[in-house]
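Predicted model, so just to flag it, every value in this text is computed and none were measured.
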Amino acid sequence: MSREFPISLTPPDWLVRNLRPQQAPVNRPAMVRAAVAMALPLALGLAMDRPAYGALAAMGALSGVIGDTADAYHLRILNIAVPQLFGAVGVTLGGAVQGHGWLAVGVLTLVALVSGMISTIGAVASVSGLLLLLNAVVGAGLPLPPPWWLAPALMTGGGLLVLLLALLSWPLRAKVPERTAVADAYRSVAALLAASGTDRTEEYDDARRTVTQSLNQSYDLILARRARHHGRSPELTRLLAQLNAITPVVEAAPAAHLAGGPLPPEIPAAVRRLADAVATGGPAPAGPALPAPATETARAVDHALRHAAAVVTAPDVDPRGIDDRLGGPAALRTRTARAARNVTLSANSWRYGLRLALCIGLAQVLVSILPVPRSYWVALTITFVLKPDFGSVFSRALLRALGTVAGLLIAAAVLAEVPWGWWDVAVMVVLAPLIPAFTPRGYGYQTAAITPVILLLSDILNHQGTALLLPRLLDSLLGCAIALVAGYLLWPESWHTRVGDRLADAVADTARYVDSAFRPDTDPAARARMRRRLYRDLSVIRTEFQRALTEPPPTGRRAAAWWPLVVAVERIVDATTAARVRVRHGAPPPSAAEIDQVVRQLRELSEGVRRAETLIAVPADLTGPADGVLEPLRQEVAAARAIASPH
């Protein structure tokens with residue numbers, strides 16, 4: 001007879017979401033690079049009878065391994081090299097104030113403020129700010145060999161070794177990551193078309209989100225690199241043309257889905273053949289053999305697919321005819337000035353910087369007063385946990401504590417059984433690859449992999465052995481407690497989700513998109529950029545909601561209540577695009593009164609979302625011809641306005 005757990009013993013949903021490992025492919029090349037980059041410095045240090053030098057270089061390599069996440073080679077340079085420069089500054093400042101009491105407290109607090117503020121700029125700046133503060137804490141807390149410049153040089157050298165290993169195959173695979181990204185975008189579109197018109201609604205929605213992510217990644221890779229080449233690279237111009245060519249197919253997919261009835265299998269098969277041609281860069285297939293279209297929706301799919309095939313099969317592409325659908329990046333000087341202005345004037349930047357500075361300052365004061373040996377681990381924990389752009393602070397504190405316990409169990413076996421010396425190199429060869437293997441699974445898994453590595457390197461520097469374990473556990477728990485109280489609970493924005501405002505902005509942008517979709521005076525390229533940015537924004541909002549769902553009540557419960565509206569807005573954008581495609585291929589256009597009616601309802605919904613703490617059902621006053629092109633859109637808007645949060 002089976003027995004069920006009592007309701008009181010059932011883990012809450014937010015805890016299950018936090019502990020569930022994420023699905024991700026294993027990056028074997030990154031694992032090999034991690035093993036070589038972290039074990040080689042240790043071996044060289046032992047061979048030179050300078051094990052501390054090897055440990056410092058391996059610490060630098062650790063930061064490089066954590067940043068080794070990009071596929072494109074030019075992005076690897078940014079993701080690894082730029083943070084290393086900030087890390088060198090950090091360890092220099094930390095070493096300069098080591099043992100200086102309250103001066104160290106003040107300097108680390110100021111570094112935390114700067115680190116937090118620059119972390120709001122973007123992904124590379126976020127990692128750079130993280131490494132600036134981490135290395136400053138390490139420099140102030142660990143004994144470093146003289147002279148003052150040696151530790152920064154060793155740690156930077158270790159990080160650059162990871163970059164060197166990552167770039168070894170660049171001459172042979174210079175543009176392969178970009179081609180692969182565009183080919184993956186084509187394959188994701190093929191999956192979307194295969195699910196269009198079927199009753200597999202969840203599969204279609206997942207495929208559409210995958211298409212959005214693939215297009216975002218592809219445009220980011222190609223436009224960033226094309227900006228450096230000033231549009232002169234024929235290969236990048238060709239890839240951008242191929243990426244633009246798949247956009248009409250993506251636009252036609254919602255129309256095909258709403259029309260009902262699956263598409264002929266020849267259509268997704270043709271897109272997959274185009275994806276193979278893009279990936280190899282070789283001869284493209286002959287024109288696709290497609291069934292004759294009978295409706296305006298079928299004509300839209302047929303026309304878009306034949307256009308994509310023509311672009312992929314074209315031997316040459318005229319760069320003058322290629323527009324950047326998302327807009328090319330501004331010049332580096334312009335972006336730098338804009339980022340500096342945003343950091344200086346942004347309330348969000350100051351708010352996060354002050355939160356981080358408060359927590360680091362409080363930690364340094366506590367460890368200066370309390371008898372905590374080697375207390376740099378407290379500040380390290382806070383630095384890792386208090387990164388809202390990396391996920392929920394509450395979740396990261398919980399996962400940090402659990403991951404540290406798991407990592408300490410591994411470290412206990414290593415420190416107790418493995419003697420100092422060459423055995424450390426062998427252990428590092430085993431432990432280092434676990435970092436890139438476990439990092440995509442979630443923060444707790446990453447912490448479990450990083451903790452024994454850091455403890456092994458710390459032990460090489462101070463030879464404390466298993467005496468490190470209990471203090472490090474207490475330090476981690478203290479750091480998590482400080483981050484939760486001073487960096488989370490004391491700030492109302494942490495437990496009042498802000499996704500409502502962002503969703504209201506997205507609804508307002510959707511109203512503008514609906515208004516422009518059927519106006520003949522709207523530039524098609526501008527309309528395409530508007531749609532792409534809207535899908536990108538909705539993807540970001542979805543990510544924010546997923547983070548909020550990992551928070552405990554009431555934040556997680558409130559986010560779950562708003563979740564159906566996120567899905568509803570995505571469906572409104574799809575319905576708008578589908579209507580636009582139908583009009584372009586022969587359906588009667590809607591009247592101005594019909595358009596204004598939908599736009600007004602969306603603007604009212606946006607204002608209601610912005611003002612409300614909880615969703616309130618509002619009946620929509622939408623009328624129009626039942627067989628009109630806007631009827632599916634009216635139904636989606638009415639459904640969005642009818643959504644109410646559970647009480």
Side-chain angles (χ1 to χ4, degrees), residues 196-197 208 247-248 250-260 295-301 303-304 503-535 537-538 541 564-612 615-644:
S196 297
R208 179 177 46 74
T247 299
V250 176
E251 293 178 341
H257 185 61
L258 292 176
T295 65
E296 68 261 9
T297 299
R299 284 194 295 272
V301 175
H303 183 270
L503 184 55
D505 292 339
V507 175
D509 291 340
T510 303
R512 285 190 287 272
Y513 175 56
V514 172
D515 190 44
S516 66
F518 305 99
R519 306 294 185 187
D521 56 344
T522 303
D523 177 40
R527 185 188 298 117
R529 284 193 293 270
M530 184 183 300
R531 185 189 63 83
R532 287 287 305 120
R533 288 197 178 99
L534 186 53
Y535 275 119
D537 291 344
L538 288 171
I541 291 172
L565 186 57
V566 179
V567 178
V569 175
E570 291 176 338
R571 294 175 66 89
I572 289 172
V573 178
D574 273 354
T576 305
T577 302
R580 171 65 196 170
V581 168
R582 290 183 58 194
V583 169
R584 195 167 64 235
H585 289 272
S591 65
E594 289 182 82
I595 299 172
D596 293 340
Q597 186 184 60
V598 173
V599 170
R600 184 176 65 255
Q601 291 287 331
L602 286 173
R603 286 173 178 164
E604 290 178 3
L605 177 61
S606 173
E607 290 304 314
V609 169
R610 199 179 305 278
R611 292 193 304 264
L615 296 179
I616 300 174
V618 177
D621 182 19
L622 290 168
T623 58
D627 57 349
V629 73
L630 288 191
E631 180 59 22
L633 176 58
R634 283 191 289 267
Q635 293 177 3
E636 297 297 346
V637 173
R641 300 213 61 175
I643 292 173

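Closest approach of Val301 and Ala256 over heavy atoms only: CG2-CB, 4.1 Å. Residues Ala587 and Val629 share a closest heavy-atom pair of CB-CG2, 4.4 Å. What you find for Ser516 and Met530 is that their closest heavy atoms are OG-SD, 3.5 Å. Residues Ala253 and Ser196 approach most closely at O-OG, 3.8 Å, considering heavy atoms.
For Arg208, the salt bridge (charged side-chain N to carboxylate O under 4.0 Å, His left out) test picks out Asp205, Glu570, Asp574, with sequence neighbours left out. Legend: residues meeting side chain to side chain donor-acceptor pair (under 3.5 Å) with Asp537, ordered by chain and number and at least two apart, are absent. In this structure, the side-chain contact (heavy atoms from CB on, under 4.5 Å) partners of Ala506, at least two apart in sequence or on a different chain, are Leu538, Ile541. Under the rule for a side chain to side chain donor-acceptor pair (under 3.5 Å), Thr510 has no partner lying at least two apart in sequence or in another chain. Residues meeting the side chain to side chain donor-acceptor pair (under 3.5 Å) test with Arg603, sequence neighbours left out: none. Partners of Arg531 according to the side-chain contact (heavy atoms from CB on, under 4.5 Å) rule, which considers only residues two or more places apart in sequence or in another chain, are Thr247, Val250, Glu251, Tyr513, Tyr535, Thr577.
Separating the CG atom in Leu630 from the CZ atom in Arg582 is a distance of 9.5 Å, to the nearest 0.5 Å. The distance from the CG atom of Leu503 to the CG atom of Leu605 is 8.0 Å, given to the nearest 0.5 Å. We find the CG-CG distance between Asp515 and Asp596 to be 7.0 Å, quoted to the nearest 0.5 Å. Between the CD atom in Glu631 and the CD atom in Glu636 there is a gap of 10.5 Å [rounded to 0.5 Å].
A distance-only check finds a donor-acceptor pair linking the side chain of Ser606 to the backbone of Ala504 [under 3.5 Å].
Results of the side chain to side chain contact (heavy atoms under 4.5 Å, CB included) test with Leu633 over Ile572, Leu258, Leu602 single out Ile572 as the only residue that passes.
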Q: Let me see the working for Arg634 and Val637 under side chain to side chain contact (heavy atoms under 4.5 Å, CB included), right down to the final yes or no.
A: CA-CA 5 Å; Arg634 283 191 289 267; Val637 173; 5.8 Å; no

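For the pair Pro590/Val583, a side-chain contact is recorded, criterion being any heavy-atom separation below 4.5 Å from C-beta on.
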